[in-house]
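Worksheet: one structure, shown below.
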Amino acid sequence: MKQKAHWLLLVAAVVVFSLAGWTSYAQRDNSAKGSRVVWEYKTIRGDRALTEEQLNDMGAYGWELITFDTGERGSGSYQGIYYFKRPK
């Protein structure tokens, strides 16, 4: 019984140290490359919604829609700003 407890403790320790080593390796691997993503941003103002085709065209050029701000609506008109980003 005592041997079984030691065995389980040993297995648990190996698992914990393996996970700790794996996460520190992953962090070190990213920082070692020195790769830091630099983003480029684009805004599109419109008086009507972009169509699915227009959004797909933006995606084809590498632009990712971040958010949409409805802005102010006056006298029933539609106004908004689309915010996009892509790696520079």
Side-chain angles (χ1 to χ4, degrees):
M1 185 73 160
K2 198 173 191 178
Q3 253 184 336
K4 190 174 184 179
H6 286 281
W7 176 253
L8 288 175
L9 184 60
L10 177 64
V11 169
V14 168
V15 168
V16 168
F17 287 121
S18 296
L19 289 175
W22 178 71
T23 57
S24 66
Y25 171 77
Q27 290 174 359
R28 181 179 58 239
D29 188 41
N30 288 338
S31 63
K33 291 179 185 175
S35 62
R36 183 174 171 186
V37 178
V38 178
W39 298 102
E40 178 179 13
Y41 297 93
K42 180 179 192 81
T43 58
I44 298 178
R45 296 175 187 267
D47 58 351
R48 58 190 164 130
L50 293 179
T51 65
E52 188 174 318
E53 182 180 349
Q54 290 170 316
L55 291 170
N56 284 331
D57 286 344
M58 294 295 292
Y61 286 101
W63 292 104
E64 177 183 357
L65 178 64
I66 303 169
T67 190
F68 174 76
D69 183 10
T70 57
E72 296 180 18
R73 295 176 188 219
S75 67
S77 66
Y78 180 86
Q79 295 180 7
I81 304 173
Y82 293 83
Y83 293 90
F84 294 87
K85 74 174 184 178
R86 71 178 176 186
K88 200 167 191 182

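Heavy atoms only: backbone and side chains are in, while hydrogens, waters and symmetry mates are out.
- A heavy-atom distance below 4.5 Å is not found between the side chains of Y82 and T43.
- Atom CD of E52 is separated from atom CG of D57 by 11.0 Å, given to the nearest 0.5 angstrom.
- Atoms CD and CZ, on Q54 and R48 in that order, are 6.5 Å from each other to the nearest 0.5 Å.
- Put simply, OH on Y83 and OH on Y41 are 12.5 Å apart, with the number rounded to the nearest 0.5 Å.
- At least one side-chain heavy atom of R86 sits less than 4.5 Å from a side-chain heavy atom of Y61.
- For the pair T67 and L65, the tightest heavy-atom approach, listed with the atom from each and the gap, is O-CD1, 3.5 Å.
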Run the side-chain contact (heavy atoms from CB on, under 4.5 Å) test on M58 and F84 for me, step by step, so that the C-alpha distance in whole Å, both residues' side-chain angles and the decisive distance to 0.1 Å come before the verdict. CA-CA 9 Å; M58 294 295 292; F84 294 87; 4.0 Å; yes
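- For the residue pair W63 and E40, the shortest heavy atom distance occurs at CZ3-O, 3.5 Å.
- Cation-pi geometry between K88 and W39 is not satisfied (NZ or CZ under 6.0 Å from the ring centre, within 45° of the ring normal).
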